[in-house]
Colleague: 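Before I ask anything, let me first share the structure, which is written out below as structure tokens.
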Amino acid sequence: MIEVNIKGIGKIKLDKEKSIFSTVKRIDKKFAKKLIAAKVNGREVDLSYVLKENDSVGLIKIGDKEALDILNHSMAHIMAYAIKNLYPEAKFTIGPAIEDGFYYDIDLEDTISSEDFPKIEKEMKKIIKKNYNFERSLVSKEEARSIFKDNPYKLELIDEIPDKVLSIYKTGEFIDLCSGPHIPSLSKIGAFKLLSVAGAYWRGDEKNKMLTRVYGTAFFDQKDLDNYLKRIEKAKISDHRKIGKDLDLFSFHDEAPGFPFFHSKGMVLRNNILKYWRQEHRAEGYQEIKTPIILSNELWKTSGHWDNYKDNMYFVKIDEKDFAIKPMNCPGAILIYKSDQHSYRELPIKYAELGLVHRHEKSGVLHGLFRVRNFTQDDAHVFCTEEQMEEEIAKIINLIDRMYKVFGFEYHLELSTRPPKRIGSDEIWDRAENVLKKVMGDGNFAYEINEGDGAFYGPKIDFHIKDCLDRTWQCATIQLDFAMPEKFDIEYVGEDNSKHRPVMIHRVVLGSIERFIGIITEHYSGNFPVWLAPVQAIVLPISEKFKTYAESIYSSLKKEGFRIEIDNRVESLSKKIRLSELRKIPYMIVIGKNEQNTGTITIRKKTGGDMKEIKLENFIADIKKEIKEKKL
RNA sequence: GCCCGGAUAGCUCAGACGGUAGAGCAUUUCCAUGGUAAGGAAAAGGCCACCGGUUCAAGUCCGGUUCCGGGCUCCA
């Protein structure tokens with residue numbers, strides 16, 4: 001007689017050891033059908049797991065996040081099985097479940113393209129029809145080595161597993177090294193689809209062989225797959241590269257790969273963001289500066305960039321002397337600090353700089369405005385005393401929080417600690433990391449730790465924003481730096497009339513203005529709030545008869561400073577509305593006989609429906625209020 | 001940088017087997033003077049990314065280059 005505790009069911013006595021599935025089935029047959037796997041004493045196991053005395057069991061059923069992960073992981077095996085059937089020489093490496101799907105990395109002589117997907121999917125369906133089980137068995141390391149003797153990747157993995165006994169799973173003829181668990185039956189698979197194929201280095205190391213990675217996704221229900229595919233489609237139409245082109249915001253050209261061109265409508269976004277940015281920074285006591293783009297190599301040697309950042313920098317020669325195009329703004333700010341003596345009374349000194357930096361990025365990583373080779377950082381360098389730094393960091397966090405709210409962003413924090421390649425002593429790093437931890441702790445900010453990801457001169461707090469494809473992007477960062485002041489030997493005169501070393505805080509709020517514009521474009525799907533919209537309203541006369549009145553409305557609004565257009569073309573109203581909708585202009589102003597007679601205008605909001613005939617001055621007051629409040 | 005794929009009109013895309021280019025939208029003009037997401041007609045618009053090769057003949061086949069896309073590595 002053994003006793004186990006099953007969460008949601010309670011303590012159960014069994015007269016002999018039984019599997020989880022048969023135990024639950026005896027109690028609730030219907031419920032058992034929904035089961036996918038279980039967690040015994042905190043470890044995920046198959047439903048075939050045989051219960052032991054005192055086991056504490058949590059059930060994983062359809063609907064749980066873990067269940068979907070297990071399904072996807074099982075699908076990776078099925079896909080591998082199918083690929084093995086079609087490409088017998090394929091060597092399999094790892095095939096995990098990931099967010100929204102799974103992949104398998106395969107060493108393959110043939111190339112697979114998305115055109116091969118139907119063929120592979122068909123083979124997968126054939127396998128699923130056979131309704132195999134995932135048969136788990138335990139083998140010794142020696143047995144495992146002999147089973148996978150032709151697969152150097154699996155052998156490498158086997159050698160690294162500390163356990164003496166390894167688990168393998170057999171599905172039909174396909175055997176894979178795997179800790180499991182798996183779905184109890186292939187009949188649980190509701191729907192699946194192969195999504196894409198890509199290259200991936202073995203173990204993510206670019207020195208290793210490039211493997212073929214096939215991505216796919218699976219769900220318990222066809223409807224869930226359909227919804228997922230719809231979501232992907234929706235993300236595609238929010239893509240800032242597409243919207244940027246459609247709305248004439250920016251462009252890229254072969255003549256300057258990775259260097260964005262901003263069109264006049266894109267500049268409206270940019271200038272309005274910066275206007276707001278300057279307003280916030282003035283209020284916070286920042287002084288705006290501007291430093292050169294080209295600076296002597298000597299400076300970059302002093303700063304440590306030459307040793308730590310050279311591969312990402314561009315260089316030029318001027319009058320036989322070597323110069324670098326700045327990849328960061330800090331040395332310039334330091335030169336300004338050094339151009340004068342400073343007293344403790346002046347601190348903190350906060351230099352803000354919208355600095356254009358250039359960084360050489362590998363060609364394969366360029367990605368619209370998200371990843372470019374030149375960008376404008378909304379940078380600032382705070383020079384302060386050690387006593388002031390906590391307060392200053394807290395102020396920066398609050399500033400970032402305030403500014404992100406205006407755009408309606410969610411974000412999370414990460415603390416990046418000392419990287420292998422760095423300047424400054426371990427004591428300095430300890431101190432700096434502790435200060436950042438303390439400030440986040442005091443402010444009750446949850447954060448993750450990103451081990452070894454700090455800048456070469458100091459640890460940092462990073463703010464990550466989520467975009468429409470659920471990718472996260474680093475925007476704001478706060479970096480604490482004891483090293484650079486040392487290198488540049490900067491100082492202030494203290495209360496005691498002797499010289500002291502200030503601490504430097506590097507920080508950006510929006511990060512890169514270019515990237516930020518990309519992010520908000522996706523965030524709003526191009527439907528910018530009125531304060532940002534490149535065109536805020538468009539006047540649409542119903543016919544030529546009302547041209548004069550329409551033009552008078554247009555010029556009144558223009559005079560008020562709004563970004564306004566008029567569509568005077570000889571086209572139907574429906575067509576003009578459609579085109580304005582496609583251009584995502586927030587307000588359409590329809591002018592016809594009624595409006596002319598009563599001296600009013602009719603407002604049509606982009607969202608449709610909501611139409612009203614009002615007086616021009618009321619509209620002006622409304623829209624001014626909306627702009628002032630930066631209404632979302 | 002690496003793997004796979006792509007590049008045809010301003011935009012979105014068609015173009016079997018090689019025989020020198022086609023649609024829709026946008027643009028211009030004309031007709032219709034219109035009431036809330038495409039009124040009708042016509043015109044104009046192309047070094048088919050670039051360089052080379054095969055061929056009587058290349059948008060199409062083969063090399064190479066550039067750029068773009070999906071990933072990997074890296075990153076604001």
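Protein chains get the first letters and strands the later ones, always in sequence-line order, with residue 1 at the start of each. The figures that follow rest on heavy atoms only: side chains count, while hydrogens, waters and symmetry mates do not.
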Colleague: Under 3.5 Å, sequence neighbours excluded: what are the donor-acceptor pairs made by side chains of residues 450-458 of chain A?
Modeller:
| residue | atom | partner | partner atom | Å |
| --- | --- | --- | --- | --- |
| A:Asn450 | ND2 | A:Glu414 | OE1 | 2.5 |
| A:Glu451 | OE2 | A:Thr417 | OG1 | 3.0 |
| A:Tyr457 | OH | A:Gln479 | OE1 | 2.4 |

Colleague: Would you say the ring centroid of A:Phe261 lies under 6.0 angstrom from that of A:His253?
Modeller: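 Here the rings of A:His253 and A:Phe261 have centres that are less than 6.0 Å from each other.
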
Colleague: Does A:Glu595 reach a base, just sugar-phosphate, or nothing at all? Heavy atoms under 4.0 Å.
Modeller: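 A:Glu595: base contact, heavy atoms under 4.0 Å.
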
Colleague: Just to confirm, is there a sub-4.0 Å distance from OP1 or OP2 of B:rU28 to any side-chain nitrogen or oxygen of A:Arg569?
Modeller: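 Answer no for this pair, as no side-chain N or O of A:Arg569 is under 4.0 Å from OP1 or OP2.
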
Colleague: What N/O pairs connect the protein and nucleotides 3-7 of chain B at under 3.5 Å? Give each pair on its own line.
Modeller:
| residue | atom | partner | partner atom | Å |
| --- | --- | --- | --- | --- |
| B:rC3 | O2 | A:Gly199 | N | 3.1 |

Colleague: Side chains of A:Arg270 and A:Thr376: do they bring a donor and an acceptor to under 3.5 Å?
Modeller: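 Side-chain D/A pair, A:Arg270 to A:Thr376: present.
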
Colleague: Looking only at atom P, what distance separates B:rU55 and B:rG15, rounded to whole Å?
Modeller: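 Between the two P atoms, the distance is 29 Å.
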
Colleague: I want to check one thing: is the phosphate of B:rG70, taken as OP1 and OP2, less than 4.0 Å away from some side-chain N or O of A:Arg241?
Modeller: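 Yes.
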
Colleague: Do NZ/NE/NH1/NH2 and the carboxylate oxygens of A:Lys236 and A:Glu233 come within less than 4.0 Å?
Modeller: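 So A:Lys236 pairs with A:Glu233 through a salt bridge.
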
Colleague: What is the distance from CG of A:Leu582 to C1' of B:rG10, rounded to the nearest Å?
Modeller: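 Between C1' of B:rG10 and CG of A:Leu582: 16 Å.
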
Colleague: Taking O4'-C1'-N9-C4 for purines and O4'-C1'-N1-C2 for pyrimidines, is B:rA37 syn (within 90° of 0) or anti?
Modeller: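 Chi for B:rA37 falls in the anti range.
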
Colleague: Write down the protein N/O and nucleotide N/O pairs, taken from nucleotides 40-42 of chain B, whose separation is under 3.5 Å; answer none if there are no such pairs.
Modeller:
none

Colleague: Measure from CZ on A:Phe252 to P on B:rC11 and round the result to the nearest Å.
Modeller: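 Interatomic distance, CZ of A:Phe252 to P of B:rC11: 16 Å.
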
Colleague: Please state whether the phosphate of B:rA38, meaning OP1 or OP2, lies under 4.0 angstrom from any side-chain nitrogen or oxygen of A:Lys576.
Modeller: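 No, A:Lys576 has no side-chain N/O under 4.0 Å of OP1/OP2 on B:rA38.
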
Colleague: B:rA21 and B:rA9: how far apart are their C1' atoms, nearest whole angstrom?
Modeller: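 Those two atoms are separated by 11 Å.
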
Colleague: Does B:rC51 fall in syn (glycosidic angle within 90° of 0) or anti?
Modeller: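 Base orientation relative to the sugar is anti.
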
Colleague: For A:Lys593, which contact category applies under a 4.0 Å heavy-atom criterion: base, sugar-phosphate, or nothing?
Modeller: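 Base contact.
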
Colleague: Just how far, in rounded Å, is P of B:rA37 from CD of A:Glu581?
Modeller: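 Taking CD of A:Glu581 and P of B:rA37, I get 8 Å after rounding.
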
Colleague: Starting at CZ of A:Arg578 and ending at P of B:rA38, how long is that distance when rounded to a whole Å?
Modeller: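 Interatomic distance, CZ of A:Arg578 to P of B:rA38: 7 Å.
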
Colleague: Rounding to an integer number of angstrom, what distance separates B:rU73 and B:rC56 when you compare their C1' atoms?
Modeller: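 Those two atoms are separated by 50 Å.
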
Colleague: What integer number of Å spans the C1' atoms of B:rA23 and B:rG46?
Modeller: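 That atom pair is separated by 14 Å.
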
Colleague: Taking only N and O in the side chain of A:Ser196, is any of them less than 4.0 Å away from OP1 or OP2 of B:rG70?
Modeller: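 Result: no.
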
Colleague: Is the A:Trp277 to A:Tyr286 ring centre distance short of 6.0 Å?
Modeller: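 Centroid separation for A:Trp277 and A:Tyr286: 6.0 Å or greater.
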
Colleague: Would you say A:His367 reaches B:rG70's phosphate, i.e. side-chain N/O to OP1/OP2 under 4.0 Å?
Modeller: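 Answer is yes, contact under 4.0 Å.
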
Colleague: Using atom C1' of each nucleotide, how far apart are B:rU66 and B:rC30 to the nearest Å?
Modeller: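 So the two C1' atoms sit 44 Å from each other.
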
Colleague: Give the rounded distance in Å between these two atoms: OH of A:Tyr103 and P of B:rG70.
Modeller: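 After rounding, the reported distance stands at 18 Å.
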
Colleague: State which of B:rG35, B:rC67, B:rA37 makes the closest approach to the side chain of A:Ile577.
Modeller: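 It is B:rA37.
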
Colleague: Considering residues at least two apart in sequence or located in another chain, which fulfil the salt bridge (charged side-chain N to carboxylate O under 4.0 Å, His left out) criterion with A:Lys242?
Modeller: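 A:Lys242 satisfies salt bridge (charged side-chain N to carboxylate O under 4.0 Å, His left out) with A:Asp246 only.
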
Colleague: Parallel, tilted or perpendicular, judged at 30° and 60°: which one describes the rings of A:His464 and A:His412?
Modeller: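 Ring orientation of A:His464 relative to A:His412: parallel.
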
Colleague: Under 3.5 Å for both distances, Watson-Crick or G-U wobble, that's the pair rule; now give the dot-bracket for RNA chain B, with | marking pairs to another strand and [ ] for crossing ones.
Modeller: (((((((..((((.....[..)))).(((((.......))))).....(((((..]....))))))))))))....

Colleague: Who pairs with A:Arg583 by salt bridge (charged side-chain N to carboxylate O under 4.0 Å, His left out), at least two apart in sequence or on another chain?
Modeller: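 A:Arg583: salt bridge (charged side-chain N to carboxylate O under 4.0 Å, His left out) contacts with A:Glu565.
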
Colleague: How many Å lie between CG on A:Leu579 and P on B:rA37, as a whole number?
Modeller: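 Nearest whole value for this atom pair: 12 Å.
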
Colleague: With distance as the sole criterion, is a donor-acceptor pair present between the side chains of A:Asn329 and A:Gln377 under 3.5 Å?
Modeller: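 Their side chains do contain a donor-acceptor pair, which is all the 3.5 Å distance test asks for.
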
Colleague: May I have the distance from A:His263 (atom NE2) to B:rG10 (atom P), rounded to whole angstrom?
Modeller: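 Checked: the NE2 to P distance equals 15 Å.
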
Colleague: Taking the C1' atom in each of B:rG69 and B:rA38, what is the distance between them to the nearest angstrom?
Modeller: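 B:rG69 and B:rA38 have their C1' atoms separated by 31 Å.
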
Colleague: Does A:Glu392 have any salt bridge (charged side-chain N to carboxylate O under 4.0 Å, His left out) partners at least two apart in sequence or in another chain, and if so, which?
Modeller: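 For A:Glu392, the residues satisfying salt bridge (charged side-chain N to carboxylate O under 4.0 Å, His left out) (neighbours in sequence not counted) are A:Lys350, A:Lys395.
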
Colleague: How about A:Asn312 and A:Pro327: do any of their side-chain heavy atoms sit closer than 4.5 Å?
Modeller: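 A:Asn312 does not reach A:Pro327 side chain to side chain.
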
Colleague: For A:Lys545, what residues pass the side-chain contact (heavy atoms from CB on, under 4.5 Å) criterion, not counting sequence neighbours?
Modeller: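 For A:Lys545, the residues satisfying side-chain contact (heavy atoms from CB on, under 4.5 Å) (neighbours in sequence not counted) are A:Ser543.
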
Colleague: In terms of ring plane angle, is the pair A:Tyr404 and A:Tyr411 parallel, tilted or perpendicular, where the classes change at 30° and 60°?
Modeller: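 Plane angle over 60°, so perpendicular.
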
Colleague: Using the C1' atom as the point on both nucleotides, what is the distance between B:rG6 and B:rU60, in whole Å?
Modeller: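 Approximately 15 Å lies between the C1' atom of B:rU60 and that of B:rG6.
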
Colleague: At a cut-off of 3.5 Å, list every protein nitrogen or oxygen paired with a nitrogen or oxygen from nucleotides 74-76 of chain B, distance to 0.1 Å.
Modeller:
| residue | atom | partner | partner atom | Å |
| --- | --- | --- | --- | --- |
| B:rC74 | O2 | A:Arg371 | NH1 | 3.0 |
| B:rC74 | O2 | A:Arg371 | NH2 | 2.3 |
| B:rC74 | N3 | A:Arg371 | NH1 | 2.9 |
| B:rC75 | O2 | A:Arg371 | NE | 3.4 |
| B:rC75 | O2 | A:Arg371 | NH1 | 3.3 |
| B:rA76 | OP2 | A:Gln474 | OE1 | 3.4 |
| B:rA76 | O3' | A:Gln474 | O | 2.6 |
| B:rA76 | O3' | A:Gln474 | NE2 | 3.2 |
| B:rA76 | O2' | A:Gln474 | O | 2.8 |
| B:rA76 | O2' | A:Arg515 | NH1 | 3.1 |
| B:rA76 | N6 | A:Glu361 | OE2 | 3.1 |
| B:rA76 | N6 | A:Val372 | O | 2.7 |
| B:rA76 | N1 | A:Val372 | N | 3.2 |
| B:rA76 | N1 | A:Val372 | O | 3.3 |

Colleague: In whole angstroms, how far is the C1' atom of B:rG70 from the CD1 atom of A:Ile232?
Modeller: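 The distance from CD1 of A:Ile232 to C1' of B:rG70 comes to 12 Å, rounded to the nearest Å.
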
Colleague: Take atom C1' in B:rA7 and the same atom in B:rU12, then report the distance between them in whole Å.
Modeller: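 These two C1' atoms come out 14 Å apart once rounded.
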
Colleague: Residues two or more places apart in sequence or in another chain: which of them pass salt bridge (charged side-chain N to carboxylate O under 4.0 Å, His left out) with A:Glu284?
Modeller: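 Once residues adjacent in sequence are excluded, the partners of A:Glu284 under the salt bridge (charged side-chain N to carboxylate O under 4.0 Å, His left out) criterion are A:Arg402.
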
Colleague: The criterion is side-chain hydrogen bond (donor to acceptor under 3.5 Å, both in side chains); which residues satisfy it with A:Lys615, sequence neighbours excluded?
Modeller: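 With neighbours one apart ignored, the set is empty.
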
Colleague: Side chains of residues 211-219 of chain A: which donor-acceptor partners sit under 3.5 Å, not counting sequence neighbours?
Modeller:
| residue | atom | partner | partner atom | Å |
| --- | --- | --- | --- | --- |
| A:Arg213 | NE | A:Asp105 | OD1 | 2.7 |
| A:Arg213 | NH1 | A:Tyr215 | OH | 3.1 |
| A:Arg213 | NH2 | A:Tyr103 | OH | 3.4 |
| A:Arg213 | NH2 | A:Asp105 | OD2 | 3.0 |
| A:Thr217 | OG1 | A:Asp100 | O | 2.8 |

Colleague: Under 4.0 Å, heavy atoms only, any strand: does A:Ser574 hit a base, just the sugar-phosphate, or nothing?
Modeller: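 Here A:Ser574 touches the backbone only, sparing every base.
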
